[in-house]
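Keep in mind that the numbers below use all heavy atoms, side chains included, and drop hydrogens, waters and symmetry copies. Numbers restart at 1 for each chain; the letters A, B, ... are given by sequence-line order, proteins then strands.
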2 protein chains.
Amino acid sequence: MNISAASGAAGLPVKTVRYYADIGLVSASSRTASGYRLYDDGAVRKLVFIRRAREFGFSIDECRELLSLYEDQHRSSADVKRIASKRLGEIAKKQRELQSLHDELAHLVDACRGDDRPDCPIIDGLDHRHADM
Amino acid sequence: MNISAASGAAGLPVKTVRYYADIGLVSASSRTASGYRLYDDGAVRKLVFIRRAREFGFSIDECRELLSLYEDQHRSSADVKRIASKRLGEIAKKQRELQSLHDELAHLVDACRGDDRPDCPIIDGLDHRHADM
DNA sequence: TATTGACTCTCCAGTTACTGGAGACGCTAC
DNA sequence: GTAGCGTCTCCAGTAACTGGAGAGTCAATA
């Protein structure tokens, strides 16, 4: 399986697959005589694993950690749960922040007439007069 | 007002204030003979404006746009509302994405016993067997 | 007056996770 | 054999800073 087949199977751009090989995350299983990367099923599985983990918001370093757990037959699920729970907490925090941002901005947008007059509650809301809100 | 006073007043790191000057976002109002940046109230107000807009998730380029509207006495609030509404839509989209991520990951974490045994639904959930979920 | 310590300057490198492009080589089909 | 892909490596750029080096500046103290 050459790199484009592997990237297609994994749902990742070719560039990204090459990048993951460069940083030692998922290497090609072998090379052709002319230097083309070859990926076997195991390597593709790892690529999919990484893609999914990235979609969950795990950083590359966290992916590295998860991958080593994934590859380790003796890993405890406690290790995995610890990492995943940490991520879950971060996601929840991000959600709360986004919510307050959303509410604040929505309030300003609602208050804005959106006509051609220069008076604008959004600009005012961003200005220093309300900087401590 | 030197740079540290301005950064303190604006609630931004000194490095960031210098960076904003470098990229032509908010310049110092003047310099001392020895080259120290000096900020007047107007410049500080702009820095605060930018900090707030950044907190709302506006990109630097959007901040540039908002700042020009902010500085333009003749800007219509329609322009501002358009930009803010776009941002609001993006925030809502991000919220929905985070929500589904959260739900999915929370489900996996819930299903994980978190003991020393290698069987782990989180790892399985990240693996290719469920890649199409 | 000399010196200490904090502050500032510019410039360069590093961060994250890629993405784009150049220039060269390989592969396949007609 | 040549056209048109695919692939290789390497370099640069992205966003929005952050950290650090090395040098100059300023205010207060000994």
Side-chain angles (χ1 to χ4, degrees), chain A residues 1-40 43-44 46-67 87 90-91 94 97 101, chain B residues 1-40 43-44 46-67 87 90-91 94 97 101:
Chain A
M1 214 166 183
N2 66 11
I3 197 165
S4 60
S7 89
L12 288 168
V14 169
K15 271 278 189 187
T16 302
V17 175
R18 226 176 258 129
Y19 171 70
Y20 286 167
D22 284 350
I23 62 171
L25 187 58
V26 180
S27 304
S29 44
S30 62
R31 298 262 190 158
T32 66
S34 55
Y36 282 25
R37 288 173 183 82
L38 292 176
Y39 290 84
D40 61 17
V44 171
K46 285 185 210 170
L47 288 173
V48 171
F49 180 86
I50 297 298
R51 176 177 59 75
R52 299 265 310 139
R54 292 284 302 127
E55 284 168 3
F56 272 100
F58 291 96
S59 72
I60 292 286
D61 272 356
E62 285 170 328
C63 285
R64 226 181 268 276
E65 199 174 359
L66 284 171
L67 195 59
R87 265 269 83 212
E90 288 163 8
I91 290 173
K94 189 82 190 166
E97 286 168 4
L101 271 179
Chain B
M1 214 167 183
N2 66 12
I3 197 166
S4 60
S7 88
L12 286 169
V14 169
K15 271 279 188 186
T16 302
V17 175
R18 225 176 259 129
Y19 172 71
Y20 286 167
D22 284 349
I23 63 172
L25 187 59
V26 180
S27 304
S29 44
S30 62
R31 296 262 190 157
T32 65
S34 55
Y36 282 24
R37 288 174 184 83
L38 292 175
Y39 290 84
D40 61 17
V44 170
K46 285 185 210 168
L47 287 173
V48 171
F49 180 86
I50 297 299
R51 175 177 59 76
R52 300 265 310 141
R54 292 283 301 128
E55 283 168 2
F56 272 100
F58 291 97
S59 72
I60 291 287
D61 273 354
E62 284 169 330
C63 286
R64 227 181 266 275
E65 198 174 0
L66 283 171
L67 195 59
R87 266 269 83 210
E90 288 163 7
I91 290 172
K94 190 80 190 169
E97 287 168 3
L101 270 180

Legend entry - Whole-Å distance separating the CG atom of A/Leu12 from the P atom of C/dA17: 14 Å
Inset, instruction - Take atom OH of B/Tyr19 and atom C1' of C/dG14, then tell me their distance rounded to the nearest Å. - result: 14 Å
Legend entry - Non-hydrogen side-chain atoms of B/Leu67 and B/Lys46 separated by less than 4.5 Å: yes
Inset, instruction - Identify, between B/Asp22 and A/Pro13, the residue whose nearest nucleotide on DNA chain C lies closer to the 5' end. - result: B/Asp22
Legend entry - pair A/Arg54-A/Arg51: side-chain heavy atoms closer than 4.5 Å: no
Inset, instruction - Check every atom of D/dC26, D/dG6, D/dT18 against the side chain of A/Ser4 and return the nucleotide holding the closest atom. - result: D/dG6
Legend entry - Side-chain N,O (B/Ser34) to OP1/OP2 (D/dG24) below 4.0 Å: no
Legend entry - Below 4.0 Å: OP1/OP2 of D/dG6 and any side-chain N or O of A/Asn2: no
Inset, instruction - Examine C/dC25: is either OP1 or OP2 under 4.0 Å from a nitrogen or oxygen in the side chain of A/Tyr36? Give yes or no. - result: no
Inset, instruction - Just call it for A/Arg18: base, sugar-phosphate, or nothing, with non-hydrogen atoms closer than 4.0 Å on any strand. - result: base
Inset, instruction - Return the value, rounded to whole Å, for the distance between atom CZ of B/Arg64 and atom P of D/dA15. - result: 11 Å
Inset, instruction - With the side chain of B/Thr16 defined as its heavy atoms from C-beta on, choose the nearest nucleotide among D/dT18, D/dC8, D/dT25. - result: D/dT18
Legend entry - Interatomic distance, B/Tyr36 atom OH to B/Ile3 atom CD1 [nearest 0.5 angstrom]: 11.0 Å
Inset, instruction - Could you check which of D/dA16, D/dC8, C/dT8 has an atom nearest any side-chain atom of A/Arg31? - result: D/dC8
Inset, instruction - Just compare C/dT19, C/dC9, D/dA16 and give me whichever is closest to any side-chain atom of B/Arg37. - result: C/dC9
Legend entry - B/Ser29 side chain vs B/Leu38 backbone, donor-acceptor pair below 3.5 Å: yes
Legend entry - Options D/dG20, D/dC17, D/dT9, nucleotide nearest the side-chain atoms of B/Lys15: D/dG20
Inset, instruction - Provide, to the nearest angstrom, the distance between the CG atom belonging to B/Leu38 and the P atom belonging to D/dT25. - result: 15 Å
Inset, instruction - For the residue pair B/Ile60 and B/Tyr20, establish whether any side-chain heavy-atom pair is separated by less than 4.5 Å. - result: yes
Inset, instruction - Please determine, for the side chain of A/Ile3, which listed nucleotide (D/dC8, C/dT8, D/dA16) has the closest atom? - result: D/dC8
Inset, instruction - Would you indicate what B/Ser59 reaches in the nucleic acid, counting non-hydrogen atoms under 4.0 angstrom: base, sugar-phosphate, or nothing? - result: sugar-phosphate
Inset, instruction - Rounded to the nearest angstrom, tell me the gap between atom CD1 in B/Ile23 and atom P in C/dT10. - result: 15 Å
Inset, instruction - Quickly work out the B/Ile60 CD1 to D/dC17 C1' distance and round it to whole Å. - result: 9 Å
Legend entry - For atom CD of A/Glu55 and atom P of C/dC18, their distance in whole Å: 11 Å
Legend entry - Length of the CG-P vector between B/Asp61 and D/dT14, whole Å: 11 Å
